[in-house]
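What's counted below: heavy atoms across the whole structure, side chains too, no hydrogens, waters or symmetry copies.
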There are 2 protein chains.
Amino acid sequence: MNAPSTDAPVPAHEAVYRALRSQILDGELAPGASLTLRGVAERLGVSMTPAREAVRRLVAERALAMTDTGRVQVPLPDADALDELFRARSLLEPELAVRALPRIDKALISQLRAIDERLGSCLEAGDAAGYVRANNAFHGLLYSRAEAPALMALVESVWLQTSPVMRRVYGRTGTGALVDYHEAALDALAARDAEALAAAIRSDVEQGMMLAREAAPPGR
Amino acid sequence: MNAPSTDAPVPAHEAVYRALRSQILDGELAPGASLTLRGVAERLGVSMTPAREAVRRLVAERALAMTDTGRVQVPLPDADALDELFRARSLLEPELAVRALPRIDKALISQLRAIDERLGSCLEAGDAAGYVRANNAFHGLLYSRAEAPALMALVESVWLQTSPVMRRVYGRTGTGALVDYHEAALDALAARDAEALAAAIRSDVEQGMMLAREAAPPGR
DNA sequence: CGGCGCGAATTGTGATCACATCGTGCCGGG
DNA sequence: CCCGGCACGATGTGATCACAATTCGCGCCG
């Protein structure tokens, strides 16, 4: 019913988790929207038990937030929280990129270039969801070559928290005047220049932080 | 049922989570040990449902690992995983320390000094569990002043993964020839020297990595 | 004496139910 | 017209049950 494309049988709670996760990453779940266990369960055709596990897993990853009374909703990080999250990204992601560098080949660079073009067209078309998805794909594909699952898990947890805001960002601003640091990263990749690669990734993340800051509720 | 001392009622799954979490952090759960949901549930006097939620939450935080057949066990990170984890700590923890710096007062410094002394005595006494606990307390108390919950959550996830190994480390090595970077950190705190503080924390983490590397199974 | 297959006990998964609590809207009084 | 309390519905929590897959031990065969 959900995604029978893979031959490996996926447990119900895993399917629910993936569905919710991708909806959060793609910004289909608006920040502030509240979820109910029965609602999620019925929407995805399972009982409450796997729905609860998936929701709690996302809460553990801070992709969802729970009030002290157990109500679940998509969190909207304030400016301070965003500052923390993007700071974490600017510290961790260059490390992942540099670790991936030795394992990069021409084929991957062209894949990345293709994603970057799709990203550019989403930006022109004003397709915020597509932009966020392509951006995640770009970084995710690059970092996957680092073969660093523990670091990757940390970064993905941060993405889960920032994505809803980014969706909002690209949906509202004119998306103009954006420097394409992905190009710089690709050049550094081709030149096998670790220093330049780290700088490009860091700049890319920090540019995201600038944008996010404008669209987020003020901090304390 | 278990700890009615606090006035705030703690849900069963939360109680189970805290119990398991502290057992992992203190090294009471040996790496490689396997857990069963029914075992955990019975041991803590709850039914399977909250036990499952607590275990899955810890799995989501990578403090526990699940085989593809659903079996749960305490993971023993190999050398490569440890390298990732300590690298993350050396990137994130100086940031937390520096963010805490403006909010440090004399009272906190003396609290930290007290913890550091307890840490030293645990080291002399060969109390590995006490050492790990005191070390976590030292870093945790310092970083709590950063008021950066998102960053803190990332670091705590990493601690959950490294603690079992550290317990093993301090249990086996003679714990000799350890430079006390905590002293250096305290001095930097007193002098309000952000640069020196970051360097001390980074050195402390990297020293831990050196020790852990020896006691971990080799990587790929 | 050692490897191997088979069966029983164990284990994770998912569904369903009972219950306490919380949120919400409605109604009556000021 | 507005505010406050009350009742009903909705929601999270936890327990229990049925089931399928897996694991492990025991006995058998080579």
Side-chain angles (χ1 to χ4, degrees), chain A residues 1-4 6-21 23-24 29-76, chain B residues 1-4 6-21 23-24 29-76:
Chain A
M1 153 193 329
N2 32 32
T6 64
D7 46 347
V10 173
H13 62 87
E14 180 75 21
V16 174
Y17 169 77
R18 293 184 191 176
L20 289 179
R21 177 195 164 93
Q23 285 181 8
I24 294 172
L29 254 45
S34 57
L35 301 180
T36 65
L37 296 184
R38 286 174 177 83
V40 171
E42 191 172 357
R43 182 154 58 93
L44 298 176
V46 297
S47 84
M48 269 181 59
T49 309
R52 246 205 303 190
E53 295 197 23
V55 167
R56 294 211 94 94
R57 182 171 166 190
L58 288 163
V59 170
E61 293 171 341
R62 298 182 137 250
L64 293 175
M66 268 184 63
T67 71
D68 50 1
T69 62
R71 264 23 192 236
V72 179
Q73 58 180 29
V74 183
L76 180 60
Chain B
M1 160 193 321
N2 35 28
T6 64
D7 45 348
V10 174
H13 63 88
E14 181 75 21
V16 174
Y17 169 77
R18 293 184 191 176
L20 288 179
R21 178 194 163 94
Q23 286 180 8
I24 294 171
L29 253 46
S34 57
L35 301 180
T36 66
L37 297 184
R38 286 174 177 84
V40 171
E42 191 172 357
R43 182 154 58 93
L44 298 177
V46 297
S47 85
M48 268 181 60
T49 309
R52 245 203 305 188
E53 295 198 24
V55 166
R56 295 211 93 95
R57 182 170 167 190
L58 288 163
V59 169
E61 293 171 340
R62 300 186 135 247
L64 293 176
M66 270 186 61
T67 70
D68 49 2
T69 63
R71 256 48 187 221
V72 180
Q73 58 181 26
V74 184
L76 180 60

For nucleotides 20-25 of chain D, tabulate all protein N/O to nucleotide N/O atom pairs closer than 3.5 Å, reporting atom names and distance.
| unit_1 | atom_1 | unit_2 | atom_2 | d |
| --- | --- | --- | --- | --- |
| dT23(D) | OP1 | Thr69(B) | OG1 | 3.4 |

Could you list the donor-acceptor pairs under 3.5 angstrom formed by side chains in residues 29-39 of chain B, with sequence neighbours left out?
| unit_1 | atom_1 | unit_2 | atom_2 | d |
| --- | --- | --- | --- | --- |
| Thr36(B) | OG1 | Gly39(B) | N | 2.9 |

Q. Taking only residues two or more places apart in sequence, or in another chain, which ones meet Arg56(A) in a side-chain contact (heavy atoms from CB on, under 4.5 Å)?
A. Met66(A), His13(B), Glu53(B)
Q: Taking side-chain contact (heavy atoms from CB on, under 4.5 Å) as the test, write out the residues that go with Glu14(B), two or more places apart.
A: Val10(B), Pro11(B), Tyr17(B), Arg18(B), Arg57(B)
Q) What residues form a side-chain hydrogen bond (donor to acceptor under 3.5 Å, both in side chains) with Arg71(A), not counting sequence neighbours? A) none
Q. Base, sugar-phosphate alone, or nothing: which one does Thr49(A) contact when heavy atoms must sit under 4.0 Å apart?
A. base
Q: Using heavy atoms to find the nearest nucleotide of DNA chain C for Met48(B) and Arg38(A) separately, return the residue whose nucleotide is more 5′.
A: Met48(B)
Q: Taking all non-hydrogen atoms of both residues into account, name the closest pair between Ala51(A) and Val40(A) and its distance.
A: CB-CG1, 4.2 Å
Q. Roughly how far, to the nearest 0.5 Å, is the CG atom of Leu64(B) from the CD1 atom of Ile24(B)?
A. 4.0 Å
Q. First contact, last contact: which nucleotides of DNA chain C are these for chain B, 5' to 3', heavy-atom distance under 4.0 Å?
A. dT11(C) to dG14(C)
Q) What's the CZ-C1' distance between Arg52(A) and dT11(D), to the nearest Å? A) 11 Å
**Q.** Close side-chain approach of Arg43(B) and Leu20(B), heavy atoms under 4.5 Å
**A.** yes
Q) What pairs meet the salt bridge (charged side-chain N to carboxylate O under 4.0 Å, His left out) rule with one or both residues in residues 61-70 of chain A, with sequence neighbours excluded? A) none
